[in-house]
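Heads up, the thing below is written out as structure tokens.
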Amino acid sequence: MTTVWAGLATGAIYSLVAIGYNVVLLASGTFNFAHAQLLMVGTFLAYTGAVTLGLPAVPTVLLAAVGTAAIALIEERVAIRPLLGRSDAHGALITTVGAATILDGLAAAIWGRQPLTVPSGLPDRPLTLLGGAVRPVDLALIGLTLLLGVGLHLWTRHTLVGLASLASAEDRQAASARGINVRLLGVGAFVLAGAIAGAFGLLVGARTYAVFDLGHALALFGFVAIAIGGSGSQLGGLIGGFATGLIYAFAVRYIGAAYPQLVVFGVFLLILFLRPRGLFGAALERRV
């Protein structure tokens, strides 16, 4: 059971990345490749608040959330806004990759290249739960990620703003013609995704450390999670992230530490062959 807890805790981080991808994708139709880097920045801002400034946990979380949301807003204004309305559908993908590279470089220049320990404020002593050992920070990370994913799924499917986001992602021009402020939804999605990444920076950093290249691994496995669960499905991204973490943990234990990535991407390719839209993805129906 200890392996299960470890896999769920790691999978929660992958789920957070997949959820961030989907928040922006559902509202603006843009895939923000720099979201994993926003989560990385959140861990550094949490370190700054908790260690450099000596703030308690709640002000640290607020500092990281507001700071990361501001960075996400700048990214939207600089990397996405100038491309809106253009016919080139790949331009935004390229600019978000560029934003990810810039954030990596800035993090290394500001905080250095050495991993930094982020204190969570929770007890470090592992607990015995359901026959396995788990740290309190891992339990908090798993529980809060579950609440976030389910809450966003319900919000997307059962609120006017959530349904408007779905309509905007499907057809921006048609949504705008029906009175939906698609630009405001897109900006709000970037800010919300950034705030979520920053708010979880304290818990994520306590598990992974704050390190400038954290975004690379998180982006890769977050993409696997969203591909397994289904692009555009918050519930799918949540489950896909946890599934990826469990596959990784069991591969490390029973196959060896050198092979978990091969196993994860083997499962990823199998899912793509059997169900290209992901486990929870749905086919789009259009009248022609």
Side-chain angles (χ1 to χ4, degrees), residues 2-26 29-40 89-90 92-94 96-97 99-101 104 138 141-142 145-146 148-150 152-153 156 169 193 196-197 200 204 207-208 211 213-284:
T2 300
T3 302
V4 173
W5 287 122
L8 290 175
T10 302
I13 301 176
Y14 301 153
S15 294
L16 287 173
V17 179
I19 287 170
Y21 286 154
N22 277 327
V23 166
V24 175
L25 182 63
L26 288 172
T30 301
F31 198 94
N32 181 19
F33 277 102
H35 181 74
Q37 275 68 23
L38 292 177
L39 189 57
M40 175 268 295
H90 302 292
L93 297 180
I94 297 173
T96 56
V97 171
T101 304
D104 284 339
D138 292 342
L141 184 59
I142 294 168
T145 301
L146 282 171
L148 173 67
V150 173
L152 286 176
H153 171 75
T156 302
I196 292 172
F200 277 86
V204 173
R207 177 166 179 80
T208 65
V211 58
D213 58 353
L214 176 64
H216 292 294
L218 295 187
L220 199 58
F221 285 105
F223 181 74
V224 172
I226 202 175
I228 291 176
S231 177
S233 170
Q234 290 292 9
L235 191 60
L238 179 69
I239 296 175
F242 281 117
T244 303
L246 287 171
I247 293 169
Y248 191 98
F250 277 102
V252 169
R253 177 167 182 176
Y254 294 108
I255 300 178
Y259 302 102
Q261 292 186 355
L262 292 177
V263 175
V264 169
F265 285 102
V267 174
F268 166 64
L269 291 176
L270 181 63
I271 293 294
L272 288 183
F273 280 126
L274 297 178
R275 190 173 174 83
R277 296 182 299 274
L279 298 178
F280 294 89
L284 295 178

Heavy-atom distance under 4.5 Å between the side chains of [X] and [Y], does that happen here?
X	Y	result
L8	L246	yes
L141	L16	yes
V4	F250	yes
R207	I13	yes
I142	W5	yes
L38	N32	yes
V17	F223	no
N22	L152	no

- side-chain contact (heavy atoms from CB on, under 4.5 Å) with I247: which residues, sequence neighbours excluded?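 With sequence neighbours excluded, I247 shows a side-chain contact (heavy atoms from CB on, under 4.5 Å) to V263, V264, V267, given in chain and number order.
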So, taking the atom named [atom1] in [X] and the one named [atom2] in [Y], what distance separates them when rounded to the nearest 0.5 Å?
X	Y	atom1	atom2	answer
L238	I226	CG	CD1	12.0 Å
R253	T2	CZ	OG1	7.5 Å
I196	I19	CD1	CD1	7.5 Å
D213	Q37	CG	CD	10.0 Å

- Query: Parallel under 30°, tilted from 30 to 60°, perpendicular over 60°: which one fits the rings of F31 and F33?
  - Reply: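 Rings of F31 and F33: tilted, as their planes differ by 30° to 60°.
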- Query: Should the ring pair F221 and F265 be called parallel, tilted or perpendicular, given that the plane angle runs from 0 to 90° and is split at 30 and 60?
  - Reply: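 Geometry flag for F265 against F221: tilted rings.
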- side-chain hydrogen bond (donor to acceptor under 3.5 Å, both in side chains) against T101, all qualifying residues, sequence neighbours excluded: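 Testing T101 for side-chain hydrogen bond (donor to acceptor under 3.5 Å, both in side chains), a comparison that skips the adjacent residues, returns none.
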- Derivation and outcome, side-chain contact (heavy atoms from CB on, under 4.5 Å), residues V23 and Q234: CA-CA 8 Å; V23 166; Q234 290 292 9; 3.4 Å; yes
- Item | Heavy-atom pair with the smallest gap, counting every atom of A249 and G7 |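 Of all heavy-atom pairs spanning A249 and G7, the closest is CB-CA, 3.6 Å.
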- Query: Any chance CZ of F268 has more than 12 other-residue heavy atoms, nucleotides or ligands included, within less than 6.0 Å?
  - Reply: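 Atom CZ in F268 is crowded, with more than 12 foreign heavy atoms closer than 6.0 Å.
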- Between the main-chain N or O of F242 and the side-chain N or O of S15, is there a donor-acceptor pair closer than 3.5 Å?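 Checking the backbone N and O of F242 against the side chain of S15, a donor-acceptor pair under 3.5 Å is found.
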